[in-house]
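Reminder, nothing fancy here: chain letters follow the sequence lines and each chain counts from 1. Values below: all heavy atoms of this structure, side chains included; hydrogens, waters and symmetry mates excluded.
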Amino acid sequence: MAWETIADLLGGRVTVGAEVTVKGWVRTRRDSKAGLSFVGVHDGTCFDALQVVAPGDLGNYATEVVRLSAGCAVECDGELVASQGKGQSVELKAAAVRVVGWVEDPETYPVQPKRHTLEYLREVAHLRPRTNTFGAVARVRNCLAQATHRFFHERGFYWIHTPIITASDAEGAGELFRVSTLDLVNPPRNPDGTIDWSQDFFGKQAFLSVSGQLNVETYCQALTRVYTFGPTFRAENSNTSRHLSEFWMIEPEIAFADLRADADLAEAYLKSIFKAVLDERGDDMAFFAEHVEPTCIERLERFVDSSFERMTYTEAIAHLQKAGRTWEYPVQWGCDLQSEHERYLCEELCTTPVVVMDYPKEIKAFYMRLNDDGRTVAAMDVLAPGIGEIIGGSQREERLDVLDARIDGMGLDKRSYWWYRDLRRYGTCPHAGFGLGFDRAVNYVTGMKNIRDVIPFPRAPKLAEF
RNA sequence: UCCUCCGUAGCUCAAUGGUAGAGCAUUCGGCUGUUAACCGAAGGGUUGUAGGUUCGAGACCUACCGGAGGAGCCA
């Protein structure tokens, strides 16, 4: 008998009348003393469960079938038949139900067939994928990841595997996790008492990468269109619903391109992966719309059909000053946009994602290209309702003299960037790119409020149990 | 890291400073081609931890631990 997935059985890809085997985990059991039981079986291949009808004349009916509880692993053989009941089109008329793995203490099985809080489920992260919510998140997350690779592949981008261990805090993008094999209790020391990093594994200080951007720029300057997609690490003591210590970032980089082309790419990319979710994960999105965020489907549909609002930083400041309200953080040209400002722009003023471009150079990174006005850089942030900054990008400074002036001006050491500066010495060209917080994108799509609930095993301060 | 709120049964939550309760789950019984089924019964507690106030603390005070929301940092 062929082993079929529940997605294929419920999706009409197996003909009614076929003899099949199904393997999965029990969600619910309802007994009919008329002599049969209904067992809801999930295998995670789609949102819905398969109803397995177990007749009372099965050899193990009294001894095993009626003892099935949530979480048990089973294999069921039987005929796929049209359902007599409501709620499902087809069901499995079981000829055999084999219990592969029992739940040893049903009373304390952490995932009961009832509503659990997301906070509680975080404490049982090894079992939460068995719930409707986390199964749906996992499938949508995968859909977004596959759609990401498809989007870039179809446009001639190459996926570059940038390193996870890096020897320099190149970007200055935050606190770093140190990678070291030195003895913490008794490290080798220099004559002046400081730690002698030359004796460490890499012969110098090393850290987990906070961004693949600087590395991927080198491949951009050879392969034209490239991107990274991998884990990124920040050791900041951030305790919020939108920060993780380990998160996944997508960073495309395009040569012979300016900031406008960069914004165009960001918009096309987001629309593409959101459309994939609408096309491929209707079952899961229907669940999110019903139980998590009622507007999540129409929000995506509107997103795919409309265009981003675009404004300059200077225009954004003007909008905020005209908003007719007092801000906790006063608004004036030159200040960084705070959460309350970003929220107003995308949630109230536009009610759509907004691209803010051309920020003051003082509040942005050294590698962003200086505009002709001499006071702004070609940077952009894409702000999404409910999430905040989902994309940060820029056109890169391709002129060596300007780049050097920026490095000096920010008090950085040019020698640390020798290979990055080399790119400007050998065939430099305009180029641009952005970083997308993948997990934040999953939040936006699903309507899930906390970033710890859209990554399988969240890492955050004091959180690394699983 | 800062501000605010929260911590009671396996889970979700009640309980004026005065005998710790309900729903779901679990076990047992009844009923039914059932849909988070339904009806009845039973078991289940060092109220996050450690001190303190009080005749008496789940409740009030202090510290710590854990969680949530907001802020900062950012993606």
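For the pair A:Arg29 and B:U34, the criterion of a side-chain N or O lying under 4.0 Å from OP1 or OP2 is not met. For B:A36, the OP1/OP2 oxygens have no side-chain nitrogen or oxygen of A:Asn132 closer than 4.0 Å. The phosphate of B:U35 has neither OP1 nor OP2 within less than 4.0 Å of any side-chain N or O from A:Arg30. Of the side-chain N and O atoms in A:Gln112, none sit less than 4.0 angstrom from OP1 or OP2 of B:A36. When the side-chain nitrogen and oxygen atoms of A:Ser37 are compared with OP1 and OP2 of B:U34, none of them lie within a distance under 4.0 Å. Considering only side-chain N and O atoms, A:Thr28 lies nowhere under 4.0 angstrom from the phosphate OP1 or OP2 of B:A36. In this structure, A:Ser32 reaches the B:G33 phosphate: one of its side-chain N or O atoms is under 4.0 Å from OP1 or OP2.
A:Ala94 and A:Leu58 get closest at one heavy-atom pair: O-CD2, 4.0 Å. The two residues A:Gly435 and A:Glu251 make their nearest non-hydrogen contact at CA-CG, 3.9 Å.
Here A:Glu91 lies in heavy-atom contact (under 4.0 Å) with a base. Among the atoms of the strands shown, only primed sugar atoms or phosphate atoms (P, OP1, OP2) are found under 4.0 Å from some heavy atom of A:Tyr329. At the heavy-atom level, A:Arg452 lies under 4.0 Å from the strands shown only through sugar-phosphate atoms. Base engagement by A:Ser83 is indicated by at least one non-hydrogen atom pair under 4.0 Å involving a base atom. Looking at heavy-atom distances under 4.0 Å, A:Ile391 makes contact with sugar-phosphate atoms alone, never a base. Within the nucleic acid shown, A:Val111 has no heavy atom closer than 4.0 Å to any nucleic acid atom. Within the nucleic acid shown, A:Glu119 comes within 4.0 Å of sugar-phosphate atoms alone, with no base atom in reach, counting heavy atoms only. Nucleic acid contact class of A:His116 (heavy atoms, under 4.0 Å, all strands): sugar-phosphate only.
Straight-line distance from the CZ atom of A:Arg27 to the P atom of B:A25: 16 Å, rounded to whole Å. Nucleotide B:A68 holds its P atom 13 Å from the CE atom of A:Met448, rounded to whole Å. Taking atom OH of residue A:Tyr120 and atom C1' of nucleotide B:C13, one finds them 15 Å apart after rounding to whole Å. Counting to the nearest Å, the P atom of B:C74 and the CZ atom of A:Phe434 are 20 Å from each other. For the pair A:His243 NE2 and B:G70 P, the computed distance is 12 Å after rounding to whole Å. Atom CG in A:Asp31 sits roughly 13 Å away from atom P in B:C38 (whole-Å rounding). Rounded to whole Å, the distance from CG on A:Asp336 to P on B:A71 is 14 Å.
Of the candidates A:Tyr444, A:Trp248, A:Phe229, A:Phe438 forms a ring-ring contact (aromatic ring centres under 6.0 Å, His included) with just one, namely A:Phe229. The only option from A:Arg155, A:His153, A:His149, A:Glu253 that meets the side-chain hydrogen bond (donor to acceptor under 3.5 Å, both in side chains) definition with A:Tyr227 turns out to be A:His149.
For a distance-only test at 3.5 Å, the side chain of A:Ser238 qualifies as a donor-acceptor partner of the base of B:C73. Side-chain N/O atoms of A:Asn239 and base N/O atoms of B:U1 include a donor-acceptor pair closer than 3.5 Å.
If you check B:G66 for Watson-Crick or wobble pairing at under 3.5 angstrom, you find it paired to B:C6. Base pairing of B:U47: no nucleotide in any strand meets the Watson-Crick or G-U wobble criterion (both distances under 3.5 Å).
Judged by a 6.0 Å distance limit and a 45° cone about the ring axis, A:Arg234 is not positioned over the six-membered ring of A:Phe177.
Picking from B:U34, B:C74, B:U32 the nucleotide with the shortest atom distance to the side chain of A:Gln51 gives B:U34.
For an aromatic pair to be called close, the ring centres must be under 6.0 Å apart, and A:Tyr158 with A:Phe152 fails this.
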